[in-house]
Amino acid sequence: MSHRLLTHLRHVDLAVPDYDKQLDFYAGVWGLTEVAEDSGISFLAAEGSPEQYVVRLRKADEKRLDLVSYGAGSAADVDTLAEQLLAGGVQLISQPGKLDTPGGGYGFRFFDVDGRTIEVSADVVARRHRRIEEKEAIPVRLSHVVLNSPDLNRTREWYETHLGFRLSDTLSSPHMGEVMHFMRISNQHHSMALAKGPHTSLHHVSFEMRGLDEYMRGSGRVMRAGFRKIWGPGRHMAGDNTFTYFLDPHGNTVEYTTELEELDEDTWHPHVYDFSQPEVTDQWGTANPMNELIAKESFNDVDRGVFVAPPV
């Protein structure tokens, strides 16, 4: 794909059984703003982002990842992508058309190689947003999403081939091999990463804070509220971003981050980092040590929303 059609990550949509508890978390201590609600569905925005919403919550009997949404540059790009996916044998869920979610727009949905629902849209009306002030410890925007895949390189190749993602960096280790690929659709080091896991599921969703002070204040607020901190605070080597990971009330991993690296795409060459080295996982040395138990926290539950293609 010579012309990159995707521009950025828009939103991540979650289905949860205990809807009220999850809404209280995201619209409360996590710092998002509920902007619309419709019979068991809530749309949550980040105050510093022009996106209509960055998280959608839906009340459901089973926990699942409903979809991941990306932006495209124009309606014509949406149409072009749909045609390319069809020609490449990708199964579409819907044809390009008008969207009825907040902000409207023009888009469509399809399954990725692991059976996740992906949405791509353009011409969504920008939300009136604002500058996040100094010491205001709420998310500015959605930063990135990380997805677990049992076949890491198959999934990486699918996203490169069909959606134009490019590899920024890889985490590996002598005894486990490749465990994570950081993928980009802009000069941001990663809008998505793929993690090696035992099943298809959501690894984590990351939210960008204003700066280091706001990142630390936000991390402290969530800790004081009694939510479980898995890992952090620290600073990764791949992406050079800060991290503090928590579990939301349904066991999804969520992250506060800031200062994610911006690349010169013309000169960038991917690194392979040995994540068994402590300075790779945390340059500062302030986070609790990474170990197998921490890694398993983000395997998450088997995603019940995954589409399994029937045998041919």
What about [X] and [Y], same hydrophobic cluster or not, with Ile/Leu/Val/Met/Phe/Trp/Tyr joined at side-chain heavy-atom distances under 4.5 Å?
X: Leu147; Y: Phe275; value: no
X: Ile138; Y: Val54; value: no
X: Leu263; Y: Val272; value: no
X: Leu65; Y: Leu32; value: yes

Taking [Y]'s backbone N and O only, do any of them form a donor-acceptor pair with [X]'s side chain (distance below 3.5 Å, no angle check)?
X: Lys63; Y: His250; result: yes
X: Arg116; Y: Phe111; result: no
X: Arg56; Y: Ser42; result: no
X: Gln22; Y: Tyr19; result: no
X: Gln188; Y: Ser143; result: yes
X: Asp282; Y: Thr286; result: yes

Answer yes or no: is there a side-chain heavy-atom contact under 4.5 Å between [X] and [Y]?
X: Asp79; Y: Phe108; answer: no
X: Glu47; Y: Arg127; answer: yes
X: Leu260; Y: Asp240; answer: no
X: Leu44; Y: Leu23; answer: yes
X: Pro17; Y: Glu62; answer: no
X: Val302; Y: Thr200; answer: no

Is the shortest side-chain N to carboxylate O distance from [X] to [Y] below 4.0 Å?
X: Glu297; Y: Arg228; value: yes
X: Lys98; Y: Asp100; value: no
X: Glu133; Y: Arg210; value: no
X: Asp13; Y: Arg58; value: no
X: Arg154; Y: Asp114; value: yes
X: Glu259; Y: Arg235; value: yes

**Report entry** Partner set under side chain to side chain contact (heavy atoms under 4.5 Å, CB included) for Lys296, not counting sequence neighbours
**Finding:** Glu292, Phe299
Query - The single option from Phe246, Tyr245, Tyr256 passing ring-ring contact (aromatic ring centres under 6.0 Å, His included) against Trp231 - result: Tyr245
Query raised in the report: Given Tyr215, which of Thr257, Thr244, Thr258 fulfils the side-chain hydrogen bond (donor to acceptor under 3.5 Å, both in side chains) condition?
Result: Thr244
Report task. Test His144 against every option in His189, Glu208, Glu255 by the side-chain hydrogen bond (donor to acceptor under 3.5 Å, both in side chains) rule and name the one that passes. Result -> Glu255
Query raised in the report: Out of Asn300, Asp301, Val306, which residue meets the side chain to side chain contact (heavy atoms under 4.5 Å, CB included) rule with Asp303?
Result: Val306
Report task. State which residues pass ring-ring contact (aromatic ring centres under 6.0 Å, His included) with Phe207; sequence neighbours excluded, sorted by chain then number. Result -> Trp30
